[in-house]
Amino acid sequence: MEALLIIDYTNDFVADDGALTCGKPGQAIADRIVTLADEFLQRGDAVILPTDLHELNDPYHPESKLFPPHNLANTPGREFYGPLADWVAKHQDDEHVYIYPKNRYSSFANSNLDNYLRSRHIQSLHLTGVCTDICVLHTAVDAYNLDYQLTVHADAVASFSAPGHEWALDHFQNSLGANVVDR
Ligand code: ZN
């Protein structure tokens, strides 16, 4: 069994009016993410959606000083973007779909993800979502340190920083040993 991770694919990170948006590069990967999600479910693999959750101006959270408020609880900005919102509405109760809130860049930080994967004997992770050089990167680093096999879908990750995106793709392949694939 393998797992597809769709990281932070919400309105705040993707929509034109999102608080921390990747803009067009983020929107351009929407259909590819949904296609991959369909393929994984059809094969009986897992589809996991680790999604940022913040409180407004939380004085104890380091991101409050680094970024504008984003992915706040119960706001449209935290809802999944476009076609992924429709996909989630249809599949969220599937036993192979796991949606959970995260509060750091890495999908592993303070979360049940490692236990979820180990209990299902999942050793191979496929990464998609945003931003390539922040939350996808930090998730990849933790996955590497936990000995997971990594595939990063270059056609299903995006960032608001084009140089950061390119740097991270290189890092996945050449420093983390990931299989970086394109259609
Ligand atoms: Zn955040």
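All ligand and atom numbering here is 1-based and tracks the order in the structure. In this text, all values refer to a predicted model and were calculated from it rather than measured experimentally.
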Worksheet item: Would His165 and Thr132 count as having a side-chain donor-acceptor pair, cut-off 3.5 Å?
Response: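 Looking only at side-chain atoms, Thr132 and His165 do form a donor-acceptor pair, the distance falling under 3.5 Å.
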- Residues Glu55 and His61: side-chain donor-acceptor under 3.5 angstrom: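 The answer is no; no qualifying pair exists.
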Taking NZ, NE, NH1 and NH2 as the nitrogens, is one of them in Asp12 or Arg78 under 4.0 Å from a carboxylate oxygen of the other?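 Salt bridge between Asp12 and Arg78, a charged N being under 4.0 Å from a carboxylate O: no.
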- Message: At a cut-off of 2.8 Å, what protein N/O/S atoms sit near the Zn ion (ligand 1)?
- Response: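 Checking every protein N, O and S atom gives Asp52 OD2, His54 NE2, Glu63 OE1, His70 NE2.
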Is the charged tip of Arg118 near the ring of Tyr116: under 6.0 Å from the six-membered ring centre and within 45° of its axis?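 The answer is no, since Arg118 fails at least one limit relative to Tyr116.
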Tell me whether the rings of Phe67 and His70 are parallel (<30°), tilted (30 to 60°) or perpendicular (>60°).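 Rings of Phe67 and His70: perpendicular, over 60°.
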Would you say that Leu36 contacts Thr128 through its side chain, given a criterion of any heavy-atom pair below 4.5 Å between the two side chains?
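SC-SC contact between Leu36 and Thr128 confirmed.
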